[in-house]
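So the structure is just underneath, and the comments pick up after that.
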Amino acid sequence: MAKSGSSVVVVGGGVTGLSAAWWLARSGVEVTVLEKGIVGFEASGRNGGGCTHYQSPLFHEEQRLWPQMDELLGYPTEHRSGRIVFQVDERKANFHEGLAMRIPAGYAWEVLDGKQVRERVPLAGDNAISGVQLHFGGHANPQRTSQAYAWAAQDHGARIRQHVAVRGFEMAGGRVSAVETSQGRFGCDALVIAAGPQTGQLAAMLGHHLPMAPARAEMIVTEPLPLMPMGGVDGHGLYGRQTLRGNLAYGGGPHEWYDDIALESPPPRPSGSVLRGLAKRVAELLPRAAHARVIRSWAGVIENTPDGRPVIERLSSPDNVTLATMSSVGFGLSPASGHAIRDLVVDGVCSFADLSKLSLARFAELSPDWRRELNWLPPETAAASQGASR
Ligand SMILES: Cc1cc2nc3c(=O)[nH]c(=O)nc-3n(C[C@H](O)[C@H](O)[C@H](O)COP(=O)(O)OP(=O)(O)OC[C@H]3O[C@@H](n4cnc5c(N)ncnc54)[C@H](O)[C@@H]3O)c2cc1C
C-alpha cells in the first residue's frame, strides 16, 4: 500500500487520472501524472458533461460529490443539478416504464406529458410526446472540470507532466518499480493506469487482458440561445446540455468503431455525415432551436468495454498497480472514480462501494470473437473477418 510520502505515478491526464491524483494528493501521497498530450484534451474534455449514472455502483458517491465539487476543488466545474429526458417519437411514448426498477430508492423523479415538457423546455416543440424530470443527476462543463482537477491536484502538491508518453514498465521484485516514457524513466512505489482507450494496451504489457473496443463519437455546438430553466436535456438518441452562455452542445450515435488506438495517437477529427445527422436530430428534438447555426464540432474516442461498465481494479499481480478505464461513463463518475482509486492505492479496498462488478474477472469467459458478435468492428474489418471465415 502507498503510505503518505510514497510516490504514485498516474498514467493519463483525463478526468479519471486527474481526479485520482487530486484524491491521492489531498491524502498526502506524492503523485506524478504523466500525460502524452495535454490534460483533458481527449474524451475528458470532449464529452456531453452528463453526471447521471444510476446504474453504476459508484452512483451514490457521484451524486453525493457533484454538488460539492466547486467548493472541494476550489475551481468552477459549472455543475448544474437535474435533467429532463423526453421523446418526440410516438413509438417511445412509454419509455419511462421500467425506470422505477432502475433508479435507486431515494432519488426523486416525475413523468411529464408533452405540455409539461414544453413548459419546462422552452426550445421543445409541439412534437414533444412525453418525458421525465430527474430531480438528481445533472451536468458540468468537461473542459472546466478537467482543468479544475488539474489545478486542484497541483494545489495539493501533485506534479503534472504533459507531453510525456508512457511506453513500458520496469519490474523489480514482482512489482512495477518504474515507468519508461518518451522523456525518460520515472520511478514509483505504486502505479495507476487511467489511460482511457489505451488502458488495455498498457495492461497487456503487464500480462493482463482488458478487452476494449474504441469508437469515435462526435458533438456539435450551436450559437447561443436564450437560457432554458434546466440545461441538461436529453432525448431522441441525443445527450447534451445548454452551456451557461446558451450554446447547445449535443452528441449521439452512431459510434464509428476502430480496430484499436495507437498508444500515442492524437484525437480523431469529426466527420461531416455524422455532424449533419446530429444537427438534424437536435432540430427535431428542439424545433425552436432549429434556426441556430452550428459553430463548432469535435470528435472523441469512447473507451468501450464489452458490457459497457468501467474496469476499476487493483491487480493482485503486480500488486502495486491499479487499472481504471470508464467505458463511456467516466466524466460523470470522475469524482467517485478518483475516490475509489485513491482508496485502492492507499488502503487496498474501496471504502464506499462494492467494486466487484467492475473487476476484470467478469471477462474470464468472454468469447475471443466478442467484437464481431456484438457487431463492434469497423465495416472493413468485419468484411475481412467474414471473408476469412467463408
Ligand atoms: C463525444 C463523447 C461524449 C461523452 N459523453 C459523456 C457524458 O455525457 N457523460 C459521461 O460520464 N461520459 C461521457 N463520455 C465518456 C467520457 O468522456 C469518458 O468516459 C471519460 O472522459 C474517460 O476519462 P479518462 O480520464 O478515463 O480517459 P481519457 O479522457 O481518454 O483520458 C486518458 C488520458 O490518457 C492519456 N494517455 C493515453 N495513453 C497514454 C500513454 N501511453 N502515456 C501517457 N498518457 C496517455 C491520453 O492522452 C488521455 O489524456 C463521452 C465521451 C465522448 C467521446
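No hydrogens, no waters, no symmetry mates; every other heavy atom, side chains included, goes into these values. Order of listing sets the numbers, starting from 1, for every ligand and every atom in it.
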Looking at [atom], what's its closest protein heavy atom, distance included?
atom: atom 50 (C) of ligand 1; value: Asn47 CB, 3.1 Å
atom: atom 49 (O) of ligand 1; value: Glu35 OE1, 2.6 Å
atom: atom 13 (C) of ligand 1; value: Ser328 O, 3.4 Å
atom: atom 29 (O) of ligand 1; value: Ser44 OG, 2.6 Å
atom: atom 9 (N) of ligand 1; value: Gly50 O, 3.1 Å
atom: atom 19 (O) of ligand 1; value: Glu303 OE2, 2.7 Å
atom: atom 41 (N) of ligand 1; value: Val166 O, 3.0 Å

For Arg46 and Ala299, the nearest pair of non-hydrogen atoms, with its separation, is NH1-O, 2.8 Å

Do the numbers put Arg64 on top of the ring of Trp66, so that NZ or CZ is under 6.0 Å from the six-membered ring centre and no more than 45° off the axis?
no

Hydrophobic cluster identity match, Ile341 and Val29, side-chain contacts under 4.5 Å
yes

If we only count N/O pairs under 3.5 Å, is [X] in contact with ligand 1?
X: Phe331; answer: yes
X: Val301; answer: no
X: Val11; answer: no
X: Thr16; answer: yes
X: Gly332; answer: yes

Residues pairing under salt bridge (Lys or Arg N to Asp or Glu O under 4.0 Å) where one sits in residues 356-368, two or more places apart or in two chains, turn out to be Asp307-Arg362

Under a 4.0 Å heavy-atom limit, does Lys36 contact ligand 1 with its side chain, its backbone, both, or neither?
both

Using the ring centroid of each side chain, check whether Tyr250 and His236 are separated by less than 6.0 Å.
no

When rounded to the nearest 0.5 angstrom, what distance separates CG in Leu18 from CD in Glu35?
8.0 Å

